[in-house]
Structures are given as structure tokens and as C-alpha cells.
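What follows is a short report on a single structure.
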Amino acid sequence: MKVSIFSTCLVDLMTPNVGIAMVQVLERLGCELDFPASQVCCGQPTYNSGYLEDSKLAMKNMMLAFERSDYVVGPSGSCIAMFHEYPKIFKGDPHWELKAIALKEKSYEFTQFIVRVLGIPDVGARLEGTATYHRSCHMTRLLGEKETPFQLLEQVQGLQLEPLKNSDNCCGFGGTFSVKMPEISEQMVDEKCGCVVETGADILISADMGCLLNIGGRLSRKGEPVKIMHIAEVLNHHNAAVAKEGARHEPANG
């Protein structure tokens with residue numbers, strides 16, 4: 001199974017350990033990986049800010065970067081969902097529409113690829129602890145994936161998963177939303193943090209680093225000892241104890 005890694009901006013620049021974990025899991029599952037070096041941003045930040053034509057330059061670059069890939073897998077439901085928007089954006093374009101459709105059809109979020117393409121619900125992970133899971137808006141609503149993270153987490157030995165109240169509510173990040181409307185964003189992340197703490201979980205898991213950096217940063221500022229982990233890190237964990245390994249991820253702002 002030949003797979004091209006789409007690292008995403010946040011993972012590439014701020015949390016490379018997540019990308020490493022994703023690569024190690026996929027390699028153990030028998031995938032042959034490559035990393036097209038010409039990949040950059042998927043264009044989502046500028047696209048969501050209304051700069052459609054400017055965003056198309058980045059989108060065209062991504063279509064070319066992955067043109068020869070069999071599968072494209074990324075650690076973000078949000079960024080993969082952006083790939084799935086490309087056919088609408090380039091609809092009617094005689095040159096780019098078919099390339100956009102091709103990229104959409106072979107692009108998967110990390111957990112989605114493991115369960116729906118590889119057909120593996122148990123990757124052999126073990127992690128002792130109590131955790132709760134935050135559903136990211138884009139992965140849930142735009143990509144439409146609600147099941148695969150839970151299917152994989154349910155098979156992690158030693159992990160007790162607690163339900164998160166109002167789990168479908170936005171954490172307040174929303175990319176540029178948190179920058180343009182910081183006061184509203186702060187109230188939203190405060191509500192999310194309250195729900196996380198209420199579970200009594202030691203670990204907060206999600207499949208999007210934007211959400212985790214936002215919630216994790218706020219939890220840290222509130223003095224709440226909740227560890228944040230991307231689901232790739234969880235699935236790459238084989239030791240019996242969680243614990244205090246690794247530094248807490250914190251955003252530069254927020």
C-alpha cells in the first residue's frame with residue numbers, strides 16, 4: 001500500500017512529533033510511505049478569509065504535489081476536508097476540476113484511512129489512563145467522519161474513555177475565527193475546558209491539532225493538569241504507563 005504523507009502546517013511547524021507518530025503507525029501497518037516535498041498549505045486559512053483567487057495558487061500546488069500518489073493521508077480532519085472542497089472550487093475549470101476530483105477521492109484523514117481503507121480497527125496500542133475525546137467541527141461536519149476515531153480508541157488496551165458533554169460543540173478555535181473574534185472564542189474554549197475537566201480525564205484526545213492547541217493552552221492557563229494527545233500519538237503508544245512523558249503542547253497565543 002503506497003501512501004503519501006500530507007503533514008499539514010500545524011504538525012509540520014509546531015508538533016512534528018504527531019507526524020512522526022502517524023508515520024510510525026502506518027509503517028507498522030505495512031504501508032510504503034513517501035513525502036512529496038513540494039507540499040505546502042492546503043489553502044484553508046486564506047480561503048476561509050474570503051481570498052478565493054489567492055487561495056487557488058496553494059490549492060493547485062497541492063494537486064500537483066500529490067498527483068502521482070496512490071493515497072494521501074493526513075493527521076487532520078480539517079485539512080483533509082479542505083481537499084474535499086477542491087472539486088466545488090474548481091468546478092467547470094477544464095484543466096483543474098479533474099485533478100481536484102482525483103485528489104479528493106484518494107485523500108483520507110489518518111484514522112479514516114486505517115479503518116476504512118486498511119480495514120484495521122485494532123493497531124495494537126496500549127495506554128494506561130482515563131481519556132476523553134473532542135470531536136473537531138471540520139472532521140465531523142465537513143468531512144463527515146464521526147466513527148473511526150472511536151473505533152480505534154475502543155481497542156486501545158488500558159485506556160478508559162469517558163464521554164465528553166456537548167462533544168459536538170466548537171472549541172472556539174475555528175482557525176481565523178479565534179483571531180478575529182477572540183472574546184467569543186475565549187468563552188467557547190472556557191466552556192469546552194469545563195466539560196473536559198468534568199469528565200475527570202487525565203488525557204484529552206482529538207484528531208486535529210488546532211483544537212488541541214487551543215484547548216490545551218487554555219487548560220494550562222487555568223492550571224488544569226490534563227495532558228493533550230493527538231490520536232496518532234495514542235495509537236503509537238505501546239508502554240503500560242502514560243504518564244508524565246513528553247512536554248505539554250501549548251499555542252503561542254490564546
Side-chain angles (χ1 to χ4, degrees), residues 1-47 55-87 89-90 95-125 136 138-139 142-143 145 148-149 151-152 206-210 212 229-238 249:
M1 184 74 72
K2 295 183 178 180
V3 177
S4 293
I5 295 296
F6 167 35
S7 64
T8 77
C9 298
L10 283 181
V11 168
D12 189 34
L13 298 174
M14 300 182 71
T15 58
N17 51 296
V18 172
I20 292 170
M22 176 176 66
V23 165
Q24 290 177 343
V25 171
L26 291 175
E27 284 182 336
R28 280 201 306 274
L29 297 179
C31 296
E32 181 183 336
L33 307 180
D34 65 19
F35 182 86
S38 59
Q39 63 180 283
V40 289
C41 179
C42 64
Q44 183 179 153
T46 50
Y47 176 70
S55 301
K56 285 183 177 180
L57 295 175
M59 295 174 186
K60 289 175 181 178
N61 178 80
M62 294 302 265
M63 285 186 273
L64 293 176
F66 294 111
E67 190 169 24
R68 297 182 179 180
S69 303
D70 293 340
Y71 291 95
V72 179
V73 177
S76 166
S78 179
C79 297
I80 293 297
M82 188 66 232
F83 279 175
H84 285 221
E85 294 293 309
Y86 282 14
I89 295 168
F90 290 94
H95 182 70
W96 293 102
E97 184 178 7
L98 291 179
K99 294 182 185 297
I101 293 171
L103 180 57
K104 174 186 176 181
E105 291 180 346
K106 63 185 177 184
S107 297
Y108 296 87
E109 180 273 333
F110 173 64
T111 66
Q112 193 178 51
F113 179 75
I114 292 174
V115 175
R116 302 197 184 280
V117 178
L118 297 182
I120 301 174
D122 186 350
V123 300
S136 75
H138 285 184
M139 183 165 169
L142 298 183
L143 190 61
E145 185 55 74
T148 55
Q151 289 175 298
L152 290 163
S206 187
D208 271 296
M209 278 313 305
L212 281 175
M229 294 183 75
H230 188 279
I231 194 167
E233 296 174 294
V234 175
L235 298 179
N236 195 40
H237 208 288
H238 292 270
H249 306 298

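Remember, predicted model here, so these are calculated numbers, not experimental data. When a residue number appears, it is its place in the shown sequence, counting from 1. Hydrogens, waters and symmetry mates are skipped; everything else that's a heavy atom, side chains included, is used.
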Inset, instruction - Might you work through the side chain to side chain contact (heavy atoms under 4.5 Å, CB included) test for S55 and I89, ending with a clear yes or no? - result: CA-CA 10 Å; S55 301; I89 295 168; over 6 Å; no
Inset, instruction - Kindly determine whether D70 and K106 satisfy side chain to side chain contact (heavy atoms under 4.5 Å, CB included), including the steps that lead there. - result: CA-CA 7 Å; D70 293 340; K106 63 185 177 184; over 6 Å; no
Inset, instruction - For side chain to side chain contact (heavy atoms under 4.5 Å, CB included), just list the numbers for M62 and M59, CA-CA rounded to whole Å, side-chain angles, deciding distance to a tenth of an Å, and then say yes or no. - result: CA-CA 5 Å; M62 294 302 265; M59 295 174 186; 5.7 Å; no
Legend entry - Working for side chain to side chain contact (heavy atoms under 4.5 Å, CB included), residues T148 and F110: CA-CA 9 Å; T148 55; F110 173 64; over 6 Å; no
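Here the closest non-hydrogen pair linking C31 and L118 is SG-CD1, 4.0 Å. Across every non-hydrogen atom of A232 and V25, the tightest pair is O-CG2, 4.1 Å. Scanning all heavy atoms of the two residues, the minimum distance from I5 to F66 falls at O-CE2, 3.8 Å. The two residues G74 and M22 come nearest to each other via the heavy atoms C-SD, 3.9 Å. In terms of heavy-atom proximity, P149 sits nearest to M139 at CG-CE, 3.6 Å. Between L152 and P121, the shortest heavy-atom contact is CD2-O, 3.4 Å.
The main-chain N or O of V115 is never found under 3.5 Å from a side-chain atom of Q151 such that the two would form a donor-acceptor pair. A donor-acceptor pair under 3.5 Å is formed between the side chain of Q39 and the backbone N or O of S7. In this structure, the side chain of N61 engages the main chain of S38 through a donor-acceptor pair within 3.5 Å. Remark: side-chain polar atoms of D208 are not paired, donor with acceptor, to backbone N or O of S136 under 3.5 angstrom.
The closest side-chain heavy-atom distance from K56 to F90 is below 4.5 Å. Counting heavy atoms from C-beta outward, F35 and V23 have side chains that stay 4.5 Å or more apart. With a 4.5 Å cut-off on side-chain heavy atoms, Q112 and L143 count as touching. The shortest distance between side-chain heavy atoms of S76 and V11 does not fall below 4.5 Å. Between V123 and R28, the closest side-chain pair of non-hydrogen atoms is not below 4.5 Å.
Residues forming a side-chain contact (heavy atoms from CB on, under 4.5 Å) with S107 (at least two apart in sequence, or on another chain): V72, I80, F83, H84, L103. Every side chain to side chain donor-acceptor pair (under 3.5 Å) that E67 has, sequence neighbours left out, goes to K99. Among residues two or more places apart in sequence or in another chain, the side-chain contact (heavy atoms from CB on, under 4.5 Å) test is passed with L142 by A81, H138. Every residue was checked against the salt bridge (charged side-chain N to carboxylate O under 4.0 Å, His left out) condition with K104, not counting sequence neighbours, and none meets it. Every residue two or more places apart in sequence or in another chain that forms a salt bridge (charged side-chain N to carboxylate O under 4.0 Å, His left out) with R116 is listed here: E145, E147. Remark: D34 engages S4, P36 in a side-chain contact (heavy atoms from CB on, under 4.5 Å) (not counting sequence neighbours).
Atom SG of C42 and atom OH of Y86 lie 5.5 Å apart (nearest 0.5 Å). One finds the CE atom of M229 at 9.5 Å from the CG atom of N17 (value rounded to the nearest 0.5 Å). Between atom CD of residue Q24 and atom CG of residue L235 there is a gap of 12.5 Å, rounded to the nearest 0.5 Å.
Residue Y71 places its OH atom among 12 or fewer non-hydrogen atoms of other residues, nucleotides or ligands, all under 6.0 Å distant.
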